[in-house]
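The basis for the numbers below is simple: all heavy atoms, side chains too, and nothing from hydrogens, waters or symmetry mates. Being a predicted model, the structure only gives us computed values, none of them experimental.
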Protein chains: 2
Amino acid sequence: MAGSEGFEPESDRVTRQLRDDILDGVRRPGSKLVERELAAELGVSRLPIRDALKALVTEGLVTPRPRTWAVVREFSPTDVSDLGEVRSALETLTFRLAAQRRTRAGLEKLRADLDAELEAAQRGDAVQARRAAADFHETVTSLAANELLSELERTLRSRMRWLLSRHDDLLGVAREHENLYDAIVARDVPRVEELVLKHLEMGRSAAAAHLRSSKE
Amino acid sequence: MAGSEGFEPESDRVTRQLRDDILDGVRRPGSKLVERELAAELGVSRLPIRDALKALVTEGLVTPRPRTWAVVREFSPTDVSDLGEVRSALETLTFRLAAQRRTRAGLEKLRADLDAELEAAQRGDAVQARRAAADFHETVTSLAANELLSELERTLRSRMRWLLSRHDDLLGVAREHENLYDAIVARDVPRVEELVLKHLEMGRSAAAAHLRSSKE
DNA sequence: ACGTCGGGTTTGGTATACCGCTAATACGCC
DNA sequence: GGCGTATTAGCGGTATACCAAACCCGACGT
């Protein structure tokens, strides 16, 4: 299936660039995003920039301010807890469906993601570990075989990456993913749901701690 | 500052027009959406059209086909069941939070929506009943006091409208809403969750019946 | 010192043009 | 006459230029 691609609009490239800049902290929360400036910097016209900014607004990474420049979004503790609540609902469903509908091929892909994450976490490679963790979530979502759920996951992915970037205990996350993987393999739905809730609790407390520390 | 409202981009107007056209069946599933044609029809340039099309794609009403014209989305039974699964997760959360966090003012607004829906349903005014039902859902979501949840509700709203337009038993829906309202007032979380699941089951079977009948 | 006003800036929008790809049509071959 | 192919018309993606409305900020006046 991977094929069929091979074409990428300029606006997608710009979107990715901007998204990575924001998530990597190159563009700090609150900083200005001026269309003409960005167009000059990235060597494109204003149109792809406008498209990209619109996309990032729907991803929740950019705050538009009508009639004037947009800014990189600043996340509040409320935003974090809101995200936690939505994840508790959506991921419970995702993992439950994944456990029920997993295929052999999907499971293999999931195992590969998991191994990559464990390996990177043990090596202390935060960038790779987080990328693998994101892949793990994406693969689980595809296992759930619900197109709408996949769409929602895509729009939440940026916020998830943001959350994960404020997470220190990468090995702990990876181990929880391993437990979830085992439960999915065993089709043990009750255990999956229990683990998801535990997983979310961990993410929540880690992010809270991070926000507290960056405040002072 | 007071009047930060009172301004509406052209693209929003176009989006609304197109969305209503699609939902009302003026533009049939599968029909072409050609940017230049739409621009001429609606008397605007291509840019607002592009913006509107993009918005409708994220709302799931339009299927983009890279490099060529977009088409009005055709919903499949799978799409309906996917939506049902997502709603089961999201609305359970929404109504639970609403029951826990409701305010007096919010409750009054909700009662008003409900009364309007009951009245319209009894009168047999399908258009008004569906509008009121949508308002009811929106108000419940605002009661949940979760900004992200509200965002997701907005993107799912079009699909909900689509689903509701395939629903005949408007009085039944209104009565279920009334039960939900009572449970929210009583902060009876277990009952809310039970009612939400029943509510979803009803929507699901109604839509399924509709798809079957339109098939033959 | 503080409030107000105005100019520079930025966005949202329109018009126009061009390129590369898509798809529909017409042609030619069998 | 039917079918596969080549040509062509059409469409989306992007670039450039320009305008109006609204915002930001600093300068000015009180």
Determine, stepwise, if the pair A:E59 / A:K54 fulfils salt bridge (charged side-chain N to carboxylate O under 4.0 Å, His left out). CA-CA 9 Å; A:E59 288 182 23; A:K54 245 182 244 288; over 6 Å; no
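Within 3.5 Å, no donor on the side chain of B:R67 pairs with an acceptor on the base of D:dG10, nor the reverse. Checked by distance alone, B:R36 brings a side-chain donor or acceptor within 3.5 Å of a matching partner on the base of D:dG12. In terms of polar N and O atoms assigned as donor or acceptor, the side chain of A:R46 comes within less than 3.5 Å of the base of C:dG12 in a complementary pairing.
If you check D:dA15, C:dA23, D:dC11 against the side chain of A:S45, the one that comes closest is D:dA15. Here D:dG12 is the nucleotide among D:dT14, D:dG12, D:dA15 with the atom lying nearest to any side-chain atom of B:V34. When the nucleotides C:dT22, D:dG13, C:dG13 are ranked by their closest atom to the side chain of B:D51, C:dG13 comes out on top.
Remark: B:T68 is not in phosphate contact with C:dC21, judged by side-chain N or O atoms under 4.0 Å from OP1 or OP2.
One atom, CD of A:E35, and another, P of D:dT14, lie 15 Å apart when rounded to the nearest Å. In this structure, the CD atom of B:E10 is 14 Å from the C1' atom of D:dA21, given to the nearest Å. C:dA15 atom C1' lies 15 Å from atom CZ of B:R50, rounded to whole Å.
B:L53 comes within 4.0 angstrom of no nucleic acid atom, judged by non-hydrogen atoms across all strands. Note on A:L33: only backbone sugar-phosphate atoms sit closer than 4.0 angstrom, heavy atoms only; bases stay farther off.
Toward the 5' end of DNA chain D, the nearer of the two residues A:W69 and A:P48, judged by each one's closest nucleotide, is A:P48.
Ring-plane geometry between B:H177 and B:F136 is classed as parallel, the angle between the planes falling under 30 degrees on a 0 to 90 degree scale with a further cut at 60.
A salt bridge is absent between B:R36 and B:E41; no separation between the charged side-chain nitrogens and carboxylate oxygens falls under 4.0 Å. Using a 4.0 Å cut-off between a side-chain N of Lys or Arg and a carboxylate O of Asp or Glu, B:E10 and B:R13 qualify as a salt bridge.
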